[in-house]
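All of these numbers come straight from a predicted model, not from anything done at the bench.
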Amino acid sequence: MATEGDAVQTNTEGFNRGRYESVSRLGEYEELKTEARAIKEDAIERLPELVEELRETVEARGGHVYLAEDAADANRYVEEVVADRDAERVIKSKSMTSEEIEVNDALEARDVDVVETDLGEWVLQVADEAPSHLVAPAIHKSREGIAELFNEVFEPEEPLSSAQELTMFARDRLGELIADAEVGMTGANFITADSGTMMLVTSEGNARKTAVVPDTHVAVAGVEKIVPSVEDLDPFVELIGRSGTGQDITSYVSMLTPPVESPVVDFDRPDEPIDPDSADDREFHLVLIDNGRMAMRDDPELKETLYCIRCSACANTCANFQHVGGHAFGGETYTGGIATGWEAGVHGQDSAAEFNDLCTGCSRCVDACPVKIDIPWINVAVRDRINRGKDGELDWLVEGLTPDADPGGVDIQKRLFGNFETLAKLGSATAPVSNWMADIGPSRAIMERVFGVDSRRDLPEFQRETLVDWFEKRGGEAASTERARQARAARGDGNGGDLERRVVLYPDLYTNHVLVDRGKAAVRVLEALGVDVHVPPMPSSGRAPLSQGMIATARSKAEAVADAAAPHLLEDRDIVVIEPSDLAMFQGEYERLLPEKTATAIGENSYEILEYVFGLLENGADDGVLSGPAGDTDASVAYHSHCQQRTLGLEAHTVAVLDRLGYRVTTSDAECCGMAGSFGYKREYYDLAVDIGDDLCRQLEAADASQVLTSGTSCTEQVGSLGDDDPIHPIELIAPR
């Protein structure tokens with residue numbers, strides 16, 4: 001955050017804004033994503049046969065294909081090609097696959113001069129740094145920083161400062177180096193099996209020069225870059241620029257079918273005509289790299305990683321990445337949310353473990369991904385494997401004493417947060433003593449030292465009377481049914497008629513044990529709109545253990561929810577959920593944790609509370625029973641919706657309801673509040689969480705509204721602790737007074 005955060009944030013947020021604007025102009029955006037995913041699914045499923053088809057195609061054109069087992073094997077082959085050409089210099093265009101195999105180091109160890117021709121890569125080569133972004137490798141560098149670097153290293157006659165001066169200096173210097181190179185090396189965004197055509201997507205013309213100026217072209221590409229046909233490239237042309245940098249199309253989309261038929265230029269004889277027959281002297285080598293990819297193809301949890309088109313949208317849209325960049329949020333090669341899958345697959349689990357916890361599962365990358373990869377699930381699955389890789393001598397004792405289904409090696413901090421349901425039940429049962437005990441100095445010191453719970457973070461205050469307790473004390477389901485009947489009768493529906501809607505209000509952990517008032521407000525709103533409400537005791541959704549990579553425990557929670565929900569679903573009750581992260585479990589992760597039929601039944605019958613209110617109002621319910629702005633009070637509100645709520649496409653329902661009631665709504669554009677459940681409590685991430693939260697709070701304060709609204713527990717805690725306002729849930733604002 002101190003050295004790279006400002007530059008990374010400025011650039012990634014710019015890319016992200018551009019993506020939102022660009023895809024909004026593309027009417028068939030979702031259809032293209034579906035098509036792109038289908039192509040990748042088919043290609044990975046048929047990968048072995050496509051590899052052989054591509055080999056035959058390239059060799060028939062006079063090229064060479066080598067299937068490298070790993071990085072060392074790939075580098076050995078490249079070294080042999082360079083040695084056979086007596087090459088002293090190799091020029092390269094940007095390629096993350098070449099970074100993965102560290103081919104530069106291998107060639108330089110043989111005294112070959114390797115020159116990166118992409119401006120960002122060249123800057124990093126001069127600075128001796130690794131890329132920090134899949135698309136914009138030097139995104140962490142400011143213009144001022146690059147000027148200082150160039151002036152120090154190259155000592156130009158006149159100091160360089162402007163972007164134009166820096167770019168022209170690089171262009172002139174790289175042009176000379178390109179002219180003297182014997183071998184050019186590129187990556188490939190896609191390669192078609194039917195014709196051997198390579199698609200190179202770049203912001204500069206350097207890739208074309210790299211491929212055709214030297215008479216020898218070496219392309220290195222992971223086997224997952226193969227697609228069946230040239231026609232299959234169409235959706236990717238539309239998606240890759242929009243997803244990565246927010247451009248409708250990138251500056252250069254090059255289609256090369258090597259060996260290309262361009263004559264070879266002899267720079268030593270600039271006054272002589274180019275010999276058209278010299279095209280026959282061209283040599284092409286395609287190095288297809290496995291390096292763990294075929295094993296990933298057979299791994300159900302990592303397989304989706306191979307659909308990745310390296311666009312970086314997952315990084316750009318991630319609040320954590322925006323504030324620290326890829327040198328922190330990344331492994332040996334790859335950066336951003338998808339990096340966990342790549343690093344676990346090609347470099348090993350230990351590399352993924354170094355940054356995996358930076359993915360909070362906020363899900364903002366899910367909509368951003370142009371091939372619909374479930375990136376949060378990949379991160380959770382790898383986290384689960386990391387947990388299971390830590391065996392201890394006393395595991396048998398830990399497993400016997402802990403209230404979860406996971407093995408003993410789980411990190412103690414993760415186990416604490418993964419078992420929040422137990423803490424919540426105990427906290428409510430002993431409140432207010434539990435709140436006092438947890439907040440005294442010695443307790444906070446122990447929690448920080450043993451469990452890594454940052455002492456600067458306010459702890460949740462458990463309520464002695466839970467939402468379930470309150471609901472039963474006021475008469476339970478029978479009383480709610482009568483209130484709903486009276487509400488229907490009051491709006492002119494005779495004596496109340498048949499029940500129009502019957503719902504189970506899901507008592508999530510925070511609503512039931514901490515933020516009970518928002519649960520009470522939800523009950524009152526639904527009853528006022530004529531809905532029969534029931535708030536039965538139900539298990540936690542499993543979100544807490546899932547976020548810690550404790551999949552076995554999350555599955556056991558999901559199964560318990562399914563058992564508890566079954567009789568209500570049989571009675572045709574809808575499930576209304578206040579906490580968006582729990583709704584995301586019901587409509588998303590349960591597909592991976594439960595049998596398909598069970599997950600579908602829960603997901604299709606679950607609704608977010610304001611989504612449900614919106615539906616009721618649209619279908620004739622009386623909005624006059626809800627609370628709008630009173631008299632001459634300020635009707636302005638500033639609203640931050642939960643990240644998973646936005647991923648589910650539900651933010652608009654809340655805004656529509658507030659608009660309908662007469663409120664003037666200003667929404668935030670922050671991707672995440674930074675709290676992200678347990679993430680903001682953890683000592684090692686507290687500063688990052690606060691840095692992200694401060695951005696959101698500045699937006700909300702700038703709105704100068706009479707009330708701040710937040711729809712998620714984490715958002716409420718974060719804004720309440722960092723901002724000047726006391727946020728409430730929108731359902732509390734509109735509840736009948």
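- Counting heavy atoms from C-beta outward, Glu13 and Arg17 have side chains that approach closer than 4.5 Å.
- Under 4.0 Å is where a charged nitrogen must lie from a carboxylate oxygen, and between Asp374 and Arg592 at least one such pair does.
- Taking the six-membered ring for Trp and thresholds of 30 and 60 degrees, Phe329 and Phe355 have ring planes inclined between 30 and 60 degrees apart.
- With respect to the salt-bridge test (charged N to carboxylate O, under 4.0 angstrom), the residues Glu129 and Lys141 qualify.
- Taking the six-membered ring for Trp and thresholds of 30 and 60 degrees, His285 and His64 have nearly parallel ring planes, at less than 30 degrees apart.
- The cationic atom of Arg310 (NZ for Lys, CZ for Arg) lies less than 6.0 Å from the six-membered ring centre of Trp342 and within 45° of the ring axis.
- Here the side chains of Val90 and Val115 are not in contact, with every heavy-atom distance at 4.5 Å or above.
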Under the side-chain contact (heavy atoms from CB on, under 4.5 Å) rule, what do Glu165 and Ser161 come out as? Steps first, then yes or no, please. CA-CA 6 Å; Glu165 290 171 345; Ser161 60; 3.2 Å; yes

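- Inspection of the Ser132 and His327 side chains reveals no N or O donor paired with an N or O acceptor under 3.5 Å.
- Donor-acceptor pairing under 3.5 Å is lacking for the side chains of Arg364 and Thr317.
- Of all non-hydrogen atoms in Ser195 and Arg61, the two that sit nearest each other are O-CD, 4.0 Å.
- Side-chain N or O atoms of Asn379 include one that pairs as donor or acceptor with a backbone N or O of Ile375 at under 3.5 Å.
- Looking only at distances, a side-chain donor or acceptor of Glu343 sits under 3.5 Å from a matching main-chain atom of Tyr334.
- Within a 6.0 Å radius of CD in Glu108, more than 12 heavy atoms belonging to other residues, nucleotides or ligands are found.
- In this structure, Asn387 contributes its side chain and Gly549 its backbone to a donor-acceptor pair below 3.5 Å.
- Considering every non-hydrogen atom in both Gly187 and Ala219, the closest pair reads O-CB, 4.4 Å.
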side-chain contact (heavy atoms from CB on, under 4.5 Å) between Leu107 and Val78, worked out: CA-CA 8 Å; Leu107 291 173; Val78 173; 4.3 Å; yes

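- Checking Ser229 against Asp194 by side-chain atom types alone, no donor-acceptor pair falls below 3.5 Å.
- Among all heavy-atom pairs drawn from Leu239 and Pro370, the shortest one is CD1-O, 3.8 Å.
- Exactly one residue among Asp118, Thr117, Thr186, Thr202 makes a side-chain hydrogen bond (donor to acceptor under 3.5 Å, both in side chains) with Thr210. That residue is Thr117.
- Shown here for Ala207 and Leu200, the closest heavy-atom pair between the two residues is CB-CD1, 4.1 Å.
- With a 6.0 Å radius and a threshold of 12 heavy atoms from other residues, nucleotides or ligands, Lys209 has its NZ atom at or below the threshold.
- Within the 3.5 Å criterion, the main-chain N or O of Val114 finds no donor-acceptor partner in the side chain of Arg89.
- A salt bridge does not link Arg293 with Asp290: every distance from a Lys NZ or Arg NE/NH1/NH2 to an Asp or Glu carboxylate oxygen is 4.0 Å or more.
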Please walk me through it: do Asn75 and Glu102 pass side chain to side chain donor-acceptor pair (under 3.5 Å)? CA-CA 8 Å; Asn75 288 336; Glu102 298 181 331; over 6 Å; no

Test side-chain contact (heavy atoms from CB on, under 4.5 Å) applied to Thr333 and His347, step by step: CA-CA 9 Å; Thr333 304; His347 291 309; 2.8 Å; yes

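- Around the CD atom of Glu148, the shell of radius 6.0 Å holds no more than 12 heavy atoms that belong to other residues, nucleotides or ligands.
- Salt-bridge check for Glu304 with Arg37: passed, with a basic side-chain N closer than 4.0 Å to an acidic carboxylate O.
- In terms of heavy-atom proximity, Ala87 sits nearest to Val112 at O-CG2, 4.2 Å.
- Applying the 6.0 Å contact sphere to CD of Glu30 captures more than 12 heavy atoms from other residues, nucleotides or ligands.
- Within a 6.0 Å radius of CD in Glu31, other residues, nucleotides and ligands contribute more than 12 heavy atoms.
- With a 4.5 Å cut-off on side-chain heavy atoms, Tyr685 and Leu358 count as touching.
- Within 6.0 Å of the CD atom in Glu69, the count of heavy atoms belonging to other residues, nucleotides or ligands does not exceed 12.
- The existence of a salt bridge linking Arg242 and Glu238 is confirmed by a sub-4.0 Å separation between a basic side-chain nitrogen and an acidic carboxylate oxygen.
- When all heavy atoms of Ser312 and Gly244 are compared, the closest pair comes out as OG-O, 3.8 Å.
- Checking side-chain atoms of Gln322 against main-chain N and O of Asn316 turns up a donor-acceptor pair under 3.5 Å.
- A salt bridge between Arg385 and Asp299 is present, with a side-chain N of the basic residue lying under 4.0 Å from a carboxylate O of the acidic one.
- Ring geometry, Phe15 versus His133: the interplanar angle falls from 30° to 60°, so the pair is classed tilted.
- Salt-bridge check for Lys94 with Glu121: failed, with every basic side-chain N at 4.0 Å or more from each acidic carboxylate O.
- Val264 pairs in a side-chain contact (heavy atoms from CB on, under 4.5 Å) with only one of the listed residues (Asp215, Val213, Ile274, Thr216), which is Asp215.
- Of the listed residues (Leu256, Thr192, Val253), just one forms a side-chain contact (heavy atoms from CB on, under 4.5 Å) with Met199, and that residue is Val253.
- Between Glu79 and Arg110 there is a salt bridge, since at least one side-chain N of the basic residue sits less than 4.0 Å from a carboxylate O of the acidic one.
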Go through the steps to decide whether Val260 and Phe284 satisfy the test side-chain contact (heavy atoms from CB on, under 4.5 Å), and finish with yes or no. CA-CA 9 Å; Val260 295; Phe284 174 67; over 6 Å; no

Between Asn104 and Glu116, does a side chain to side chain donor-acceptor pair (under 3.5 Å) hold up when you go through it step by step? CA-CA 9 Å; Asn104 289 24; Glu116 297 285 355; 3.0 Å; yes

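- Salt bridge Glu283/Arg85: present, at least one basic N to carboxylate O contact under 4.0 Å.
- With respect to the salt-bridge test (charged N to carboxylate O, under 4.0 angstrom), the residues Glu45 and Lys303 qualify.
- Within 6.0 Å of CZ on Arg171 lie no more than 12 heavy atoms contributed by other residues, nucleotides or ligands.
- Between Lys414 and Asp357, at least one side-chain nitrogen of the basic residue sits less than 4.0 Å from a carboxylate oxygen of the acidic one, meeting the salt-bridge criterion.
- Environment of CD in Gln164: sparse, with no more than 12 heavy atoms of neighbouring residues, nucleotides or ligands closer than 6.0 Å.
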